[in-house]
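A short write-up of the structure that comes next.
Basis for what follows: all heavy atoms, side chains included, without hydrogens, waters or symmetry-related copies. The sequence lines fix the lettering, A, B, ..., with proteins before strands; numbering per chain opens at 1.
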Amino acid sequence: MSRYNFRETEAKWQAIWAERGCDKPVEDATRDKYYVLEMFPYPSGRLHIGHARNYVIGDLIARFKKAKGFSVLHPMGWDAFGLPAENAAIQNQVHPDDWTRENIRVMRGQLQMLGLSYDWDRELATCDPDYYRHEQKMFLDFVRSGLAYRKESWVNWDPVDHTVLANEQVIDGKGWRTGAPVERRKLTQWFLKITSFADELQSALGALDRWPDRVRLMQENWIGRSVGAKVLFALDGRDEPLEVFTTRPDTLFGASFLALSPDHPLAEELAADNRDLAAFIEECRRLGTSEEAIETAEKRGLDTGLRARHPFQPDVTLPVHVANFVLMEYGSGAIFGCPAHDQRDLDFARKYGLPVTPVLWPTDATMISDQEAANWDRDVRDRFDDDPLQAPDGEGLKLHVGKAAFTDTSRAKYTYDLGSLTDGRALSVDEAKEIVIEALEQRGQGEATVRYRLRDWGVSRQRYWGCPIPVMYRVEDGAMVLVPDEDLPVELPKDVDLSQPGNPLANHPTWKHTTCPETGKPAIRETDTFDTFFESSWYFLRFCSPHAASAFDAKDTDYWMPVDQYIGGIEHAVLHLLYSRFFTRALNQSGHHVTEEPFAGLMTQGMVVHETYQDENGNWLFPEEVSETGGAFVKEPDGSPVTKGRLEKMSKSKKNVVGLETVVDAYGADTGRLVLMSDSPPERDLEWTETGLEGAWRYVNRLWRLITEPAVTLAPVGAAIPNAFSDEAAALRREVHKTILAVEQDFEGFRLNRAVARLRELTNAIAGIKGAGDGEAWAMREALEALTLMIAPVMPHFAEEAWAMLGHQSIVAETPWPAADATLAADEQITIGVQVNGKLRGTVTLPKDADQTAAEGAALAEPNVQRALDGKTVRKVIVVPNRIVNVVAA
RNA sequence: GCGGGCGUGGCGAAAUUGGUAGACGCGCCAGAUUUAGGAUCUGGUUCCGCAAGGAGUGGGGGUUCGAGUCCCUUCGCCCGCACCA
């Protein structure tokens with residue numbers, strides 16, 4: 001019995017593919033193009049089997065599309081800038097560049113070991129000056145078209161390392177490396193104006209119909225469009241009115257205070273001669289904005305003493321507070337508080353004894369449940385003793401506001417108290433909003449407006465291992481000057497001291513000193529580098545023309561873009577995918593020309609998860625350290641108890657990583673690929689198990705034996721089709737052609753696990769063939785060849801070897817997808833279920849498309865059906881052709 | 001709190017989108033082969049029941065000739081955002 005020798009086979013075919021240039025795209029005008037791309041990796045060390053899933057999915061699609069006749073672009077590169085390289089440099093005394101390049105070398109080898117069909121001539125690394133010079137140019141273009149600007153903003157500042165930290169690097173309010181409490185600091189940073197595309201980025205999501213709904217939704221939430229109104233409040237004793245944003249202008253008559261963010265310019269101005277206020281603002285800033293701080297912080301505020309005028313009630317004055325729950329980054333950094341209809345405002349009002357004035361009531365008493373009313377009553381009694389407020393329409397309805405604000409705008413109709421603006425008739429929330437906005441506009445005290453949650457993208461990082469920002473600041477007058485295009489790239493210096501705290505480029509003795517190209521006088525370079533998401537926002541364009549002198553060649557991007565299928569993890573649902581969508585638009589607006597939507601199709605693959613174990617002290621253990629005895633888990637050497645944890649994403653810290661080499665050395669790349677493709681749908685998590693791997697290996701060998709030792713002597717290659725087939729041979733042929741059609745659809749629809757299941761079904765059908773006539777010999781060859789070609793996208797090396805064993809001189813990588821004959825695939829006989837009153841009682845086999853009468857007759861004649869009908873009268877028979885017969889009887 | 005997703009055998013999962021629930025595989029059981037183990041092959045494997053039969057897609061209700069699929073309700077798990085005015 002022969003065993004498939006993956007060791008020799010895989011290396012052999014990888015060499016042949018490379019030699020024949022199988023993975024180079026052909027830019028052929030007569031073919032449709034297909035650009036398939038997997039999110040490129042950060043070269044952090046070694047790939048494990050979990051990483052491989054992403055690439056194998058992409059490779060399957062690439063190989064399938066190529067076999068279907070597309071001109072396929074399938075490139076790979078390295079997202080090579082980033083902080084881990086600097087950390088490794090400090091820990092291991094190795095330069096970030098050397099560390100990164102060594103990792104790239106290792107990981108490239110690992111990808112090649114998997115037999116992935118990349119065009120390696122297009123490989124790029126973002127840390128290469130030949131790559132980042134182009135994004136420096138793009139940045140200059142952005143500056144020139146107003147899409148990049150400098151602004152002072154609050155950042156997380158690590159006082160020990162002297163560097164800005166990203167939000168993700170602040171853990172419990174402390175720096176992740178130093179453990180020092182993070183300070184908020186105002187720094188001047190570069191921003192990209194993503195907000196100017198907020199509306200477009202949101203509305204265009206609707207057209208991305210090959211993106212997962214959930215990703216579109218996440219982007220929509222992130223952009224956070226909200227429609228509302230800007231309201232101007234006149235302030236006593238000041239000329240400038242205060243601007244406030246609200247999504248509920250209909251509650252304006254319920255306003256009882258205004259609140260400013262501690263970071264609001266007006267608050268800062270007032271604090272200049274108000275020591276209490278200055279102290280309060282300082283305290284708010286210290287508390288920070290970490291999630292936990294927000295969760296536990298109570299609403300706090302301080303009355304500034306300032307008084308505002310209600311736009312419609314000039315005699316009503318509202319106190320202006322500074323409140324810790326108002327964000328400077330959203331809206332205008334100031335709000336009006338309507339405690340009766342907003343929970344936060346209510347909490348605040350209760351704490352500081354501010355009035356609570358309901359202005360809307362449901363008109364239909366039945367709309368408030370008894371329970372709700374009772375709760376309100378109880379709240380009032382328990383906590384506040386307020387008099388219930390009565391709706392103005394005299395229907396006797398009471399709205400009690402205890403500690404729960406009435407915010408339910410889903411109820412159909414309301415009665416509003418809009419002061420002089422209405423006659424007290426019932427209005428919907430939307431109607432009331434309209435009336436208020438109209439009145440505001442008439443008086444010049446506000447207008448309808450749209451605000452976004454999205455903020456401009458801060459791209460400055462005080463790090464070494466990133467792309468230098470190509471500007472300088474003149475020493476004599478501090479003017480910002482762009483580095484001229486012809487002086488690009490601004491290269492990172494190689495000699496850098498990372499052991500000192502602070503910005504390594506700023507610490508460099510000479511690098512930052514340069515000369516202003518306009519005046520010839522001394523200037524200092526910008527010492528910040530770009531956020532590494534900058535590099536990944538356009539790499540898919542560079543792949544189209546990797547060797548062009550400019551960033552990309554419109555001729556190439558016009559041909560290849562957009563990416564037809566992008567594959568990656570859900571963790572980039574917002575960040576990278578939103579930045580890239582912004583980038584293409586920004587490029588278009590700054591003189592480049594590219595497709596607006598970079599990724600036409602997106603698939604987010606699930607994680608590969610693996611078992612985890614922890615000892616008594618909560619330390620993670622390798623699965624090899626654990627043994628199972630009678631349902632209990634113990635640690636190998638000492639028998640101490642072990643807890644089996646949940647399935648977790650493979651990670652070094654949890655000690656549940658399965659190395660790529662471990663799998664490939666023992667079972668071959670193809671077996672590993674098969675497991676990754678067959679055990680779960682691609683978008684769902686996949687549990688990696690040794691038994692699953694062994695099962696896949698058994699299948700590989702079973703298929704190998706079927707091909708190398710077929711039960712029937714195969715017809716020669718290219719033999720003429722026999723005139724007649726036995727029933728068995730004809731049935732096999734039907735199965736083959738059905739499978740081709742189905743697998744094709746499954747691949748197209750990313751039902752990859754289903755496709756593999758169908759191929760196993762076909763394998764079972766082939767294995768069951770007993771006859772040995774000419775028909776069988778011919779049908780068997782047809783079946784084995786089709787199976788080989790169909791399994792090729794999953795197991796490319798195996799398929800090549802099998803194809804050669806079947807007597808072919810050609811190679812699978814250059815062979816088209818098998819042609820399906822739809823006529824052959826059609827069933828002649830169909831077995832359908834027969835129900836009596838909806839319960840299955842039997843089955844009948846009928847010719848395909850049998851007429852209703854025939855189906856009905858056969859169904860009623862079926863013995864089990866007759867038994868079920870015994871003593872009943874048939875009322876009605878429902879026949880769904882080729883599907884089911886249901887007999888209704890009583 | 002807001003938004004979204006998911007609950008199907010011992011396990012991973014299928015189900016032509018309202019039409020024979022559990023394909024395919026893992027595991028398990030029995031048998032064959034084998035000195036033995038492994039590998040391989042054959043058969044079985046949703047549950048209850050000797051069987052006939054009955055029950056069954058987290059629970060409850062509804063629509064329909066017919067519901068895993070649609071609607072209402074409820075429970076559980078997972079994910080995203082989170083003081084966003």
Indicate, with a heavy-atom threshold strictly under 4.0 Å, whether [X] touches base, sugar-phosphate, or nothing.
{"X": "A:Glu761", "result": "sugar-phosphate"}
{"X": "A:Arg451", "result": "nothing"}
{"X": "A:Arg702", "result": "sugar-phosphate"}
{"X": "A:Ser678", "result": "nothing"}
{"X": "A:Arg455", "result": "base"}
{"X": "A:Arg453", "result": "base"}

**Request:** Apply side chain to side chain contact (heavy atoms under 4.5 Å, CB included) to A:Leu252 and A:Thr246, showing your working.
**Result:** CA-CA 9 Å; A:Leu252 187 53; A:Thr246 179; over 6 Å; no
Sort out the partner of [N] for me: Watson-Crick or G-U wobble, both distances under 3.5 Å, none otherwise.
{"N": "B:A14", "answer": "none"}
{"N": "B:G43", "answer": "B:C29"}
{"N": "B:G3", "answer": "B:C79"}

Counting side-chain heavy atoms from CB outward, which of [options] is closest to [X]?
{"X": "A:Lys299", "options": "B:C41, B:G19, B:C83", "result": "B:C83"}
{"X": "A:Asn753", "options": "B:A14, B:A85, B:C65", "result": "B:A14"}
{"X": "A:Leu840", "options": "B:A55, B:U20, B:A13", "result": "B:U20"}
{"X": "A:Asn886", "options": "B:G19, B:G27, B:A55", "result": "B:G19"}
{"X": "A:Pro681", "options": "B:A13, B:U40, B:G19", "result": "B:A13"}
{"X": "A:Asn764", "options": "B:U40, B:U16, B:C24", "result": "B:C24"}
{"X": "A:Val326", "options": "B:C81, B:A14, B:A85", "result": "B:A85"}
{"X": "A:Ser226", "options": "B:A13, B:G25, B:A85", "result": "B:A85"}
{"X": "A:Asn221", "options": "B:G19, B:G12, B:G3", "result": "B:G3"}
{"X": "A:Tyr330", "options": "B:A55, B:G53, B:A85", "result": "B:A85"}

Would you say [X] places a side-chain N or O within less than 4.0 Å of OP1 or OP2 belonging to [N]?
{"X": "A:Arg841", "N": "B:G54", "value": "yes"}
{"X": "A:Arg867", "N": "B:G53", "value": "yes"}
{"X": "A:Lys839", "N": "B:A55", "value": "yes"}
{"X": "A:Arg344", "N": "B:C84", "value": "yes"}

**Message:** With a 6.0 Å cut-off on the ring centroids, do A:Phe6 and A:Trp697 count as close?
**Reply:**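 For A:Phe6 and A:Trp697, the ring centres are under 6.0 Å apart.
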**Asked** Are A:Tyr352 and A:Phe257 close enough that their ring centers fall under 6.0 Å?
**Response**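 No.
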**Asked** Does a side-chain N-to-carboxylate-O contact under 4.0 Å join A:Glu447 and A:Lys230?
**Response**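 Salt bridge present between A:Glu447 and A:Lys230.
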**Request:** Please say which of A:Tyr667, A:Tyr699, A:Tyr4 ends up in a ring-ring contact (aromatic ring centres under 6.0 Å, His included) with A:Phe798.
**Result:**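 Of the listed residues A:Tyr667, A:Tyr699, A:Tyr4, the ring-ring contact (aromatic ring centres under 6.0 Å, His included) partner of A:Phe798 is A:Tyr4.
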**Prompt:** Does anything in residues 743-752 of chain A reach RNA chain B, meaning a heavy atom under 4.0 Å, and if so which residues?
**Reply:**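 Correct list: empty, so none.
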**Message:** Less than 4.5 Å apart, side chain to side chain, heavy atoms only: is that true for A:Asp199 and A:Tyr452?
**Reply:**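 Result yes, sub-4.5 Å side-chain heavy-atom pair found.
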**Item:** Euclidean distance, A:Asp345 CG relative to A:Arg248 CZ, rounded to 0.5 Å
**Value:**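 Rounded to the nearest 0.5 Å, the CZ-CG separation comes to 11.0 Å.
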**Message:** Can you confirm if the NZ or CZ of A:Lys299 lies within 45° of the ring axis of A:Phe325 and under 6.0 Å from the centre of its six-membered ring?
**Reply:**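 Ring-cation test returns yes.
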**For atom NZ of A:Lys738 and atom P of B:U16, their distance in whole Å** =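 Spelled out: NZ on A:Lys738 to P on B:U16 is 15 Å.
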**Asked** Rounded to the Å, how far apart are A:Lys649 NZ and B:C78 C1'?
**Response**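 Taking NZ of A:Lys649 and C1' of B:C78, I get 16 Å after rounding.
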**Prompt:** Between A:Phe747 and A:Pro793, what is the shortest heavy-atom contact and its length?
**Reply:**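 Distance-wise, the nearest heavy atoms are CE1-CG, 4.0 Å.
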